[in-house]
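Given the structure is predicted, the values throughout are model-derived calculations rather than measurements.
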Amino acid sequence: MNQKKEAIYDARELGVPKMLLLGLQHMFAMFGATILVPILVNTYFNGEGLSIQVTLICAGIGTLFFHLCTKLKVPAFLGSSFAFLGGFHTVANLDTGIFKDMSMGEKLPYACGGIVVAGALYLVLALVVKLVGVKRVMRFLPPVVTGPIIICIGLSLAPSAVNNAKTNWLLAIIAFAVIVIFNIWGKGMFKIIPILMGVVISYVVAFILFKCGVHNPDGSAIFTFKAVKDAGWVDLPPFQLCKFNITSILVMAPIALATMMEHIGDISAISATTGNNFIKDPGLHRTLIGDGLATAFAAAFGGPANTTYGENTGVLELSRVYDPRVVRLAAVYAILLSFSPKVAECIGSLPASIIGGVSFMLYGMISAIGVRNVVENKVDFTKSRNLIVAAVILVSGLGFGDGITFTVAGTSITLTSLAIAAILGIALNAILPGKDYEFDE
């Protein structure tokens, strides 16, 4: 990895004002996607889902945890993970066993408990990586397994995007179009915040229509601002402790398989961008520990899983300022912002149609990342064993719907379609001969 010209590795030489602005830029880059996760989850839980305030403070603290675990060397921001949306959706719809008579708000802590276990799996992989090396571990988790699993995550969420968008197709199309325009033709900072621009511009259009007396096609109001009026300017985030149940654990924990692979890809991308091999120093085991602890901490107090953000890698590439200090400034900004309920409620007033328009892009991108994972690693689908592994994962992940429910020792357990797909994919990949994937350390 060659060191790039004119790169700045110590932002202090730019002066404090510029450092503060660079930190603000990183916050804007992560903000749109990070707050969108609790907004989406709230639609699954009928408004009793994740808190934007808790999400922001967990993202900030989680990022600082990550930096401590990686010896303050890796310029990564940890924001909300979209990979777990399918798990949240599944838990919200559980109606067997202890979940039968629960309200949506009562189910949420169990979803978070499953994420805590998922975070713990990062620590297990980190230990294995430290003991046996990255190459040996990756033999069991090649792209022919992880790629189709990621594809299933995005496609399983597609109906949710359509259901939200159809509440007002005009606003949904505007949100989608703005994201596309800024992502392809945007310049400078605007090019790396297309999601935020899509949300902001479509929100402004929706507000103008609202003031002009326009309603959704079904006759409902585009906005309701009662919660915004009632919220205070400053207050503590509404933390809630997670709870554990084997069914919710089996729903959420297997998703860590996909996010851990995403983590490895993100760290490789940051390494390539900055010219530093962070997989060697401070080491992949340390970055996994940081990500796992951040995820487990967030979920333990009622927040979503965290993950390293590609958006902030884009900021690094744009600015060529690779100092982790500016990323830690963004984390501090997120923590400070989390103490304003009124700001959180303003964000939460986002119409479902805009969420749908944004989701059209995001859910498709999740699946596209899975496709990219397969293509970039040159998975050979002329080999029958690779076709079989991918086919079984895709059919299982999309075909089992609500999964399989069974009873063990009087306890009702639901094995979700994603869990089934992951188990079968890993097993088939291990059993079938003809592996053709080599991980480059």
Side-chain angles (χ1 to χ4, degrees), residues 44 81-100 107 110-122 124-125 137 139-160 244-262 305 363 366-367 369-371 373-374 379 381 384-432 435:
Y44 308 152
S81 174
F82 285 87
F84 288 85
L85 288 177
F88 277 113
H89 188 270
T90 300
V91 172
N93 288 284
L94 288 175
D95 59 359
T96 59
I98 67 169
F99 299 98
K100 188 173 182 61
K107 291 179 182 179
Y110 289 98
C112 292
I115 295 176
V116 171
V117 176
L121 293 179
Y122 278 77
V124 173
L125 180 60
V137 172
R139 289 176 59 194
F140 296 95
L141 302 169
V144 72
V145 173
T146 57
I149 289 175
I150 297 171
I151 292 171
C152 287
I153 291 172
L155 293 182
S156 66
L157 293 168
S160 174
F244 298 95
N245 174 268
I246 187 65
T247 294
S248 59
I249 289 172
L250 288 174
V251 169
M252 307 301 278
I255 300 173
L257 172 67
T259 56
M260 286 189 289
M261 297 308 100
E262 178 188 3
Y363 294 164
I366 293 173
S367 292
I369 289 170
V371 174
N373 184 258
V374 170
V379 175
F381 281 117
S384 296
R385 62 98 55 197
N386 289 340
L387 280 174
I388 292 170
V389 172
V392 169
I393 291 173
L394 291 171
V395 172
S396 300
L398 299 175
F400 276 100
D402 295 329
I404 300 174
T405 301
F406 54 93
T407 302
V408 177
T411 301
S412 179
I413 299 173
T414 299
L415 200 61
T416 65
S417 58
L418 186 61
I420 296 169
I423 292 170
L424 292 178
I426 293 171
L428 282 173
N429 178 70
I431 295 170
L432 297 178
K435 297 186 180 77

Residue pair Leu432 / Arg385: nearest heavy atoms and the distance that separates them:
O-NH2, 3.1 Å

Between Ile149 and Cys152, is there a side-chain heavy-atom distance shorter than 4.5 Å?
no

Separation between CD1 (Ile388) and CD1 (Ile431), nearest 0.5 Å, reads 11.5 Å

Side-chain heavy-atom pair Tyr44, Leu85 within 4.5 angstrom cut-off
yes

Of all heavy-atom pairs between Pro148 and Leu394, which one has the smallest distance, and what is that distance?
O-CD2, 3.9 Å

Over all heavy atoms of both residues, which pair between Met260 and Leu125 is shortest? Give the atoms and the distance, please.
SD-CD2, 3.4 Å

For Val117 and Met252, what are the C-alpha separation, side-chain angles and deciding distance, and is it a side-chain contact (heavy atoms from CB on, under 4.5 Å)?
CA-CA 8 Å; Val117 176; Met252 307 301 278; over 6 Å; no

Backbone N/O of Ala305 and side chain of Ser81: donor-acceptor pair under 3.5 Å:
no

Rounded at 0.5 Å granularity, tell me how far CG in Asn245 sits from OH in Tyr110.
6.5 Å

Can you name the closest pair of heavy atoms from Val379 and Asn386 and give their distance?
CG1-ND2, 4.0 Å

Closest non-hydrogen atom pair between Ala118 and Ala256, with its separation
O-CB, 3.7 Å

Compare every heavy atom of Ser367 with every heavy atom of Leu155, then report the nearest pair and how far apart it is.
N-OG, 3.1 Å

Under 3.5 Å, is there a donor-acceptor pair linking the side chains of Thr259 and Tyr122?
yes

Can you tell me how far apart CD1 (Ile115) and CZ (Phe88) are? Round to the nearest 0.5 Å.
3.5 Å

How far does CD1 of Ile420 sit from CG of Leu250, to the nearest 0.5 angstrom?
10.5 Å

Approximate separation, where rounding is to 0.5 Å, of Ile98 CD1 and Ile246 CD1
11.0 Å

